[in-house]
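The next block holds one structure in the form of structure tokens; read it before the comments.
Heavy atoms only: backbone and side chains are in, while hydrogens, waters and symmetry mates are out.
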Amino acid sequence: MRKRQKGETAATSYLSSIGREKASASTPQSQFHVDLWCYFTVQNWILDFGRPIVMIILPLEWFPLNKPSAGDYFHMAYNVITPFLLLKLMERSPTTLPRSAIYLSIITFVMGASIHLVGDSINHRLILSGYQNHLSVRENPIIKDLKPASLIDSFELLYYYDEHLGHCMWYIPFFLILFLYFTGCFTQAKEEKVPQSGWLLLGPSAIYYWYLVTEGQIFVLYVFTFFAMAATVMRQKRMGYVLDSNGRFLLYNFIITLGLVVVWVIYLWNDNVLRKKYPGIIYVPEPWSYYTLHIKGS
């Protein structure tokens, strides 16, 4: 009898704990993550956008060409801090997200960003030696006359690792994680608005994402993610769900960034030199190519 009573007591406590979990899961837990969004914005501007600027401003004597530069240390810090912030963002998701997909995305993100670190470090040293970003590898004056000619193939391989493989392994998992988080930003409670702190962060955050899309040459990935987010909003709306304040902040970020990219493309639409480097239907010049072509010389 005692064993039976103990078993019934254990079963009752187990069922009650499940009930408490369901009740807590059903209650809205949405709260605007002003701290995380602020951390993201500040570290993106300093460690990513500011990285090449620091390399240009600081005296070359402080960082010899055969040693890591200040920008390289910024990139190393970015490769550590950003995955940590992404994991913290996933922890605050109001819904349970697929852990395996998140872990694999974080691992791939770190590997891609690390590949880019090496390629970008060498690329900026080439710029200091006269490399021109608005030209292709083989057309660059400091590259085209190299002997033996097979060295040019090595520099093209470096460019591939930097601008193609590194960017793909960096940005695809990054946007996948943001999209997975976005899918959990829906609630059946009353419609939430972005607080004033979010509106203040929206401008700097969108400008950074403009830089990310143009310099990273990931316009197609960005548009695909944006349309996936829009389709998710429409589907959830039919089911009676609305975006919380964090989801709105992300969606507004993407909308403003898209507008900035369109303005950037229109501004450089008739630039024949950049058109030659970025042929094809999708024409989105890189800001640093514009810098070496129009600003550095003057």
Could you pull out every donor-acceptor pair under 3.5 Å between side chains of residues 49-68 and any protein atom, sequence neighbours left out?
{"from": "Arg51", "atom 1": "NH1", "to": "Asp120", "atom 2": "OD2", "distance (Å)": "2.4"}
{"from": "Arg51", "atom 1": "NH2", "to": "Asp48", "atom 2": "OD1", "distance (Å)": "2.7"}

**Path from Ile46 to Val80 over hydrophobic side-chain contacts below 4.5 Å** = no
**Asked** Among all residues two or more places apart in sequence or in another chain, which pass the ring pair (Phe, Tyr, Trp, His ring centres under 6.0 Å) test with Trp264?
**Response** Trp210, Tyr290
**Prompt:** Is the shortest heavy-atom distance from the side chain of Tyr39 to the side chain of Ile81 under 4.5 Å?
**Reply:** no
**Request:** May I ask you to test the Phe182-Leu243 pair for a side-chain heavy-atom distance under 4.5 Å?
**Result:** yes
**Request:** Measure centre to centre between the rings of Trp199 and Phe249, then say whether the value is under 6.0 Å.
**Result:** no
**Message:** Which Ile, Leu, Val, Met, Phe, Trp or Tyr residues join Val262 in one cluster when any pair of side-chain heavy atoms under 4.5 Å counts as a link?
**Reply:** Ile266
**Over all atoms of both residues, closest heavy-atom pair of Pro173 and Met169** = CG-O, 3.0 Å
**Prompt:** Side chains of His294 and Asp271: do they bring a donor and an acceptor to under 3.5 Å?
**Reply:** yes
Show every donor-acceptor pair shorter than 3.5 Å between a side-chain atom in residues 222-240 and any protein atom, with sequence neighbours excluded, or say none if there are none.
{"from": "Tyr222", "atom 1": "OH", "to": "Phe254", "atom 2": "O", "distance (Å)": "2.2"}
{"from": "Tyr222", "atom 1": "OH", "to": "Leu258", "atom 2": "N", "distance (Å)": "3.4"}
{"from": "Thr225", "atom 1": "OG1", "to": "Leu221", "atom 2": "O", "distance (Å)": "2.8"}
{"from": "Thr232", "atom 1": "OG1", "to": "Ala228", "atom 2": "O", "distance (Å)": "2.7"}

**Prompt:** What distance separates Cys38 SG from His33 NE2, expressed to the nearest 0.5 Å?
**Reply:** 14.5 Å
**Prompt:** Sequence neighbours excluded, which residues qualify as side-chain hydrogen bond (donor to acceptor under 3.5 Å, both in side chains) partners of Glu163?
**Reply:** none
**Message:** Test side-chain contact (heavy atoms from CB on, under 4.5 Å) on Tyr209 and Leu260; report intermediate values, then the result.
**Reply:** CA-CA 9 Å; Tyr209 280 106; Leu260 293 174; over 6 Å; no
**Prompt:** Considering only heavy atoms from C-beta outward, does the side chain of Tyr211 approach that of Trp45 to under 4.5 Å?
**Reply:** no
**Asked** Once you round to the nearest 0.5 Å, how far does OG of Ser93 lie from CE of Met90?
**Response** 6.5 Å
**Asked** How far apart are the C-alpha atoms of Gln31 and Arg92, what are their side-chain angles, what is the distance that settles it, and do they pass the side-chain contact (heavy atoms from CB on, under 4.5 Å) test?
**Response** CA-CA 9 Å; Gln31 183 179 2; Arg92 296 195 190 180; over 6 Å; no
**Request:** Give a yes-or-no answer on whether the side chains of Glu192 and Thr187 include a donor-acceptor pair shorter than 3.5 Å.
**Result:** no
**Asked** Going only through I, L, V, M, F, W and Y residues with side-chain contacts under 4.5 Å, is there a path from Val42 to Tyr78?
**Response** yes
**Request:** To the nearest 0.5 Å, tell me how far Leu202 CG sits from Trp37 CH2.
**Result:** 11.0 Å
**Prompt:** Side chains of Glu286 and Tyr291: do they bring a donor and an acceptor to under 3.5 Å?
**Reply:** no
**Asked** Does Ile115 share a hydrophobic cluster with Leu47, counting links as ILVMFWY side-chain heavy atoms below 4.5 Å and allowing steps through other members?
**Response** no
**Request:** Classify the ring geometry between Trp170 and His167 as parallel (under 30°), tilted (30 to 60°) or perpendicular (over 60°).
**Result:** perpendicular
**Message:** Quick check: do Tyr283 and Leu274 have side-chain heavy atoms less than 4.5 Å from each other?
**Reply:** yes
**Heavy-atom pair of closest approach, residues Ser205 and Thr41** = CB-OG1, 3.9 Å
**Request:** Find out whether Phe40 and Leu89 are in side-chain contact, i.e. whether some heavy atom of one side chain is under 4.5 Å from a heavy atom of the other.
**Result:** yes
**Prompt:** Is it true that a side-chain atom of Asp162 and a backbone atom of Leu158 form a donor plus acceptor pair closer than 3.5 Å?
**Reply:** no
**Complete:** Sequence neighbours excluded, the answer for side-chain hydrogen bond (donor to acceptor under 3.5 Å, both in side chains) partners of Thr214 is none
**Request:** Supply the atom-to-atom distance Leu85 CG to Ile177 CD1, rounded to the nearest 0.5 angstrom.
**Result:** 11.5 Å
**Message:** Which heavy atom of Val261 sits nearest to which heavy atom of Val284, and what is that distance?
**Reply:** CG1-CG1, 4.4 Å
Hey, can you pull the donor-acceptor pairs under 3.5 Å for the side chains in residues 101-110, sequence neighbours left out?
{"from": "Ser105", "atom 1": "OG", "to": "Ala101", "atom 2": "O", "distance (Å)": "2.7"}
{"from": "Thr108", "atom 1": "OG1", "to": "Leu104", "atom 2": "O", "distance (Å)": "2.8"}

**Item:** Donor-acceptor contact present, side-chain Asp244 to main-chain Asn246, <3.5 Å
**Value:** yes
**Message:** Using modelled atom types and a 3.5 Å cut-off, is there a donor and acceptor pairing between side-chain atoms of Asn140 and backbone atoms of Ser136?
**Reply:** yes
**Pairing residues for Ser154 by the side-chain contact (heavy atoms from CB on, under 4.5 Å) criterion, not counting sequence neighbours** = none
**Asked** In chain order, what residues pass the ring pair (Phe, Tyr, Trp, His ring centres under 6.0 Å) check against Tyr160, with sequence neighbours excluded?
**Response** His164
**Message:** Under the salt bridge (charged side-chain N to carboxylate O under 4.0 Å, His left out) definition, can you give me all pairs with a residue in residues 212-221, not counting sequence neighbours?
**Reply:** none
**Message:** In the structure I gave you, are the side-chain heavy atoms of Arg138 and Glu156 within less than 4.5 Å of one another anywhere?
**Reply:** yes
**Request:** For side chain to side chain donor-acceptor pair (under 3.5 Å), just list the numbers for Tyr278 and Ser289, CA-CA rounded to whole Å, side-chain angles, deciding distance to a tenth of an Å, and then say yes or no.
**Result:** CA-CA 10 Å; Tyr278 306 98; Ser289 293; 2.7 Å; yes
**Request:** Under the side-chain hydrogen bond (donor to acceptor under 3.5 Å, both in side chains) rule, collect the residues that match up with Ser121, sequence neighbours excluded.
**Result:** Asp72, Arg125
**Donor on one side chain, acceptor on other, Tyr131 and Thr292, under 3.5 Å** = no
**Complete:** Residues passing the side-chain hydrogen bond (donor to acceptor under 3.5 Å, both in side chains) test with Gln196, sequence neighbours excluded, are none
**Prompt:** How close do Leu178 and Leu250 get, heavy atom to heavy atom, and via which atoms?
**Reply:** O-CD1, 4.0 Å
